[in-house]
Amino acid sequence: MPPVLHATADAYKTAKGTSVNHFYEKLFLLKDRMNTATGRVLAQERHQFMASFIERFLEEWNVGEGSAHGPAVLVEASSDASGGNELRSSGSRS
């Protein structure tokens, strides 16, 4: 199930996405929403930790490429300057 960046908080709360989607739909967006310099530094470190975890998880999940389990493309979520959200594909992970 591909991640979806929901237009409203209510849409997010009622969504039936996976636990992995939660990283893309919310957690990976947090670093761009910090208000203080210290918060931005801590958030960047935590973002890198989460990104490494998800990358490793997806690599392990996709062992034996032909598997019907899990996404084959890592998608990066970020907030844009206007406060909106976007998903960017980093390409196939063969």
Side-chain angles (χ1 to χ4, degrees):
M1 176 181 297
V4 175
L5 293 178
H6 307 283
T8 66
D10 288 334
Y12 173 77
K13 290 177 185 177
T14 60
K16 302 294 182 207
T18 67
S19 296
V20 171
N21 283 12
H22 182 67
F23 282 85
Y24 296 102
E25 296 170 352
K26 183 177 182 184
L27 298 177
F28 285 147
L29 303 174
L30 294 175
K31 73 174 177 62
D32 296 328
R33 297 178 178 177
M34 296 296 108
N35 294 318
T36 66
T38 301
R40 286 187 291 276
V41 168
L42 292 171
Q44 183 61 41
E45 293 170 2
R46 292 171 182 165
H47 180 90
Q48 292 299 336
F49 181 88
M50 290 187 303
S52 295
F53 169 79
I54 288 296
E55 182 176 359
R56 181 171 177 176
F57 175 82
L58 293 176
E59 286 172 0
E60 291 176 6
W61 195 14
N62 290 320
V63 170
E65 282 302 318
S67 171
H69 304 289
V73 176
L74 183 61
V75 177
E76 180 181 330
S78 67
S79 298
D80 64 22
S82 66
N85 301 319
E86 65 179 21
L87 294 175
R88 290 188 306 272
S89 171
S90 64
S92 178
R93 298 177 322 128
S94 310

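In this structure, Arg40 places its CZ atom where more than 12 heavy-atom neighbours from other residues, nucleotides or ligands lie under 6.0 Å away.
One distance of note links CG of Leu5 with CG of Asn21; it measures 10.0 Å at 0.5 Å rounding. Atom NE2 of residue His47 and atom CE of residue Met34 lie 12.0 Å apart, to the nearest 0.5 angstrom. In this structure, the separation between NZ on Lys26 and NE2 on His6 is 11.5 Å, given to the nearest 0.5 Å. Here the CZ atom belonging to Arg56 is positioned 12.5 Å from the CD1 atom belonging to Ile54, to the nearest 0.5 angstrom.
Hydrophobic clustering places Trp61 together with Leu27 (ILVMFWY residues linked when any side-chain heavy atoms are closer than 4.5 Å, directly or through intermediates).
The side chain to side chain contact (heavy atoms under 4.5 Å, CB included) search around Thr8 returns Asp10, Ala11, not counting sequence neighbours. Qualifying side chain to side chain contact (heavy atoms under 4.5 Å, CB included) partners for Thr38, counting only residues two or more places apart in sequence or in other chains: Thr36, Leu42.
For the residue pair Pro3 and Tyr24, the shortest heavy atom distance occurs at CB-CB, 3.6 Å.
A tilted orientation is assigned to the rings of His22 and Tyr12, their planes being inclined by 30° to 60°. The aromatic rings of Phe57 and Phe53 sit parallel, their planes meeting at an angle under 30°, below the 60° perpendicular limit.
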